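What follows is a single structure, written as structure tokens, with notes after it.
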Amino acid sequence: MKNFIEELRQRGMIQDHTPEVEQQLNSQMTVGYIGFDPTAASLHIGNLATIMLLVHFQRCGHKPIALIGGATGMIGDPSGKSSERNLLSYETILHNQARIRKQLEHFLDFDCGANSAEIVNNYDWMKNFSFLEFLRDVGKHLTVNYMLAKDSVQKRLESGISYTEFSYQLLQAYDFYYLYTNKNVKLQMGGSDQWGNITSGIELIRRISGKTAYALTTPLVTKSDGTKFGKSESGNVWLDAEMTSPYQFYQFWLNVSDEDTHKLIRVFTLFSIEEIQSLEQQHAQAPHQRILQKAIAEQVTERVHGKAELQKAKTASEILFGKGVTDALKSLDEKTFLQALEGVPQTHISASEFYNCHNLAELLCTATRNEIFPSKSEVRKMVQNGGISINKQKVESTEIKPTAFDLIHNRYLLVQKGKKNYHLVVVKD
RNA sequence: GGGGAGAUACCAAAGCGGCCAACUGGGACGGACUGUAAAUCCGUUGACGUAUGUCUUCGAAGGUUCGAAUCCUUCUCUCCCCA
């Protein structure tokens, strides 16, 4: 059995843990869990950091359980939230939890003997738990004084917190107790914002049964400039290919700054520390080759989207950002071209619409139903700043007629907004 | 309860009768440089647009004026001080 704590320590993935965790983990195969509330239709790369905890946990020989918060998701975790949120509808939660379950199944091994992973849903044991029973069996064991002391609650005392959100920690505490009793789960892990909720669970277990449970949290990943990690300009980076295409996903990792790579490669990849150090050395010698970024982007994209999608994302990136200019684009056969650009947003337009455009502004705005640009002014401003290229060639004026451009394969126009945003216009016959 | 200060675009913050679509800083976006990095420099940043044009903005509603973000009235909210 590998030393899990030591592994995490080397990777800088430990924020905090209760005493004796290491002893417990080294003495026997331990069952540990992390919860994921179905607050969105997909997990995002912030969640990926905690998923990696489970991955390492299993690789070290322990048994990981991923908990889907079908019940807790209905309540809303106040941790890290400065104000009360709206409740999600039942349909949304059902839909979300089904999709999140699918995603989680991706990352762990469910068929490896004793430490096979499991997925559970706290809705299963909460749905028939009556309010009265809950108050008598669970609520009685923790004092409001204790619950009030939690950071997540303290921060909300000024602005207000509903009884519902206040109860969240009790629900999560009960999850831990339930899993402790029914699945022999001794350890709960999570992001550092979960520390308060996790320790409430430990406290509940101790009060009811006198037994000891353990906690371990990982630091929330931040960027070197202090801003939140995991947001691209278009918002969250999701694990769902429909919400963030594998190409966009790959690009996100490829674009991280040199400074951030050291932290990221440790948290999000499974390279050994020796491998990481060697990569870092290579990177330092030839920083322009972006060795670290590539290593991270490749491994993470492959883990999330699979080898085939990674390959496509790489091909697309090479075409769009490689040395090859217009000619290279045209030399690709149509199938390869389309496959490569699968992750690039596309807009379809009929031939007549296309040829009826008087100028570029019209084409990129009204004719494409504002999918590329919201208004002609935006197009003009962008062109004035030199921010638009068509088929990799910079556009000088908005007055160019669309017919002046060569359609690739008589059908496609590759529109580039700025340096990194591509859009494919498909002209239908 | 008494007294005082304030509310301006994504945020912060100037403006206090016309030269204000509104200084400046941050953010965001674009460009140059580079390595699809960082730093730096330049540009854009109410909307529509190209006619140096129109429309809508300065807490809300009214009013004074040829003309108001700027003056007056009422209202709403925020902050500070004294009780």
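Below, read A as the first sequence line, B as the second, and so on, with proteins coming before strands; counting in each chain starts at 1. Note that the structure is a prediction, hence the values are computed from the model and not measured. Every heavy atom of this structure was used, including side-chain atoms; hydrogens, water molecules and symmetry mates were not.
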B:U34 pairs with, by Watson-Crick or G-U criteria that keep both distances under 3.5 Å
none
When you compare the side chains of A:His283 and A:Gln289, does any donor N or O come within less than 3.5 Å of an acceptor on the partner?
no
Complementary nucleotide of B:A13, counting Watson-Crick and G-U pairs under 3.5 Å
none
If the cut-off is 4.0 Å, is A:Ser257 near the phosphate of B:A38, judged by side-chain N/O to OP1 or OP2?
no
Can the ring centroids of A:Phe268 and A:Trp253 be said to lie less than 6.0 angstrom from one another?
yes
Position toward the 5' end of RNA chain B (nearest nucleotide), A:Gly386 or A:Ser377
A:Gly386
Tell me whether A:Glu242 is salt-bridged to A:Arg99, with the criterion being a basic N under 4.0 Å from an acidic carboxylate O.
no
Would you call A:Arg59 and A:Glu7 a salt bridge, taking side-chain N to carboxylate O under 4.0 Å as the test?
no
Who pairs with B:C71 - Watson-Crick or G-U, where each distance is under 3.5 Å:
B:G63
Can you check the A:His288 NE2 to B:A38 P distance for me, whole Å?
17 Å
Rounding to an integer number of Å, can you tell me how far A:Asn385 CG sits from B:G31 C1'?
7 Å
How about A:His56 and A:Phe4: are their ring centroids closer than 6.0 Å?
no
Return the pairing partner of B:U57 with a 3.5 Å limit on both distances, Watson-Crick or G-U wobble; otherwise return none.
none
For B:C19, the Watson-Crick or wobble partner whose two distances fall under 3.5 Å
none
Length of the CZ-P vector between A:Arg380 and B:G31, whole Å:
19 Å
Please state whether the phosphate of B:G35, meaning OP1 or OP2, lies under 4.0 angstrom from any side-chain nitrogen or oxygen of A:Asn255.
no
Base, sugar-phosphate, or nothing for A:Gln384, non-hydrogen atoms under 4.0 angstrom?
base
Output the rounded distance in Å from CD1 (A:Ile388) to P (B:U44).
17 Å
Any strand counts, and the cut-off is 3.5 Å on both contacts for Watson-Crick or G-U wobble. Which nucleotide pairs with B:U52?
none
P atom, B:A12 versus B:A32: distance in rounded Å?
33 Å
B:A47 phosphate, OP1 or OP2, under 4.0 Å from A:Lys381 side-chain N/O
yes
Nearest whole angstrom, please: distance from the P of B:G31 to the CG of A:Asn421.
9 Å
If pairing means Watson-Crick or G-U wobble with both distances under 3.5 Å, then the partner of B:G1 is B:C82
Taking the same atom, C1', in B:G27 and in B:A9, what whole-Å distance lies between them?
13 Å
B:U36 base to A:Gln293 side chain: any donor-acceptor pair below 3.5 Å?
no
When the C1' atoms of B:G62 and B:G18 are considered, how many whole Å apart are they?
23 Å
Taking atom NE2 of A:His409 as the centre, does the number of heavy atoms from other residues, nucleotides or ligands within less than 6.0 Å exceed 12?
yes
For B:G30 and B:A7, measure between their C1' atoms and round to the nearest Å.
34 Å
Scan A:Lys419 against the nucleic acid and name what it touches under 4.0 Å (heavy atoms): base, sugar-phosphate only, or nothing.
base
Taking the P atom in each of B:G17 and B:C72, what is the distance between them to the nearest angstrom?
11 Å
Using a 4.0 Å heavy-atom cut-off, does A:Lys394 contact any base of the nucleic acid, only the sugar-phosphate backbone, or nothing at all?
sugar-phosphate
As its Watson-Crick or G-U partner within any shown strand, both distances under 3.5 Å, B:U44 has B:A28
A:Lys420 side chain near B:G31 phosphate (N/O to OP1/OP2, under 4.0 Å):
no
How many Å lie between CG on A:Asn359 and C1' on B:U50, as a whole number?
12 Å
Once you apply a heavy-atom cut-off of 4.0 Å, does A:Ser317 come out as touching a base, just sugar-phosphate, or nothing?
base
Rounded to whole angstrom, note down the C1' distance from B:A61 over to B:G53.
31 Å
Distance in angstrom units between A:Phe373 CZ and B:U45 P, rounded
16 Å
Using the P atom as the point on both nucleotides, what is the distance between B:U74 and B:G26, in whole Å?
41 Å
For A:Leu414 and A:Leu341: C-alpha separation, side-chain torsions, deciding distance, then whether side chain to side chain contact (heavy atoms under 4.5 Å, CB included) applies.
CA-CA 10 Å; A:Leu414 186 65; A:Leu341 301 188; 4.0 Å; yes
Taking atom P in both B:G3 and B:U8, what distance in whole Å separates the two?
26 Å
Between A:Lys376 and A:Pro287, which is nearer to the 5' end of RNA chain B once each is assigned its nearest nucleotide?
A:Pro287
Measure the distance from CG on A:Asp260 to P on B:U36 and round it to the nearest whole Å.
18 Å
What orientation do A:Tyr412 and A:Phe337 show, parallel under 30°, tilted 30 to 60°, or perpendicular over 60°?
tilted
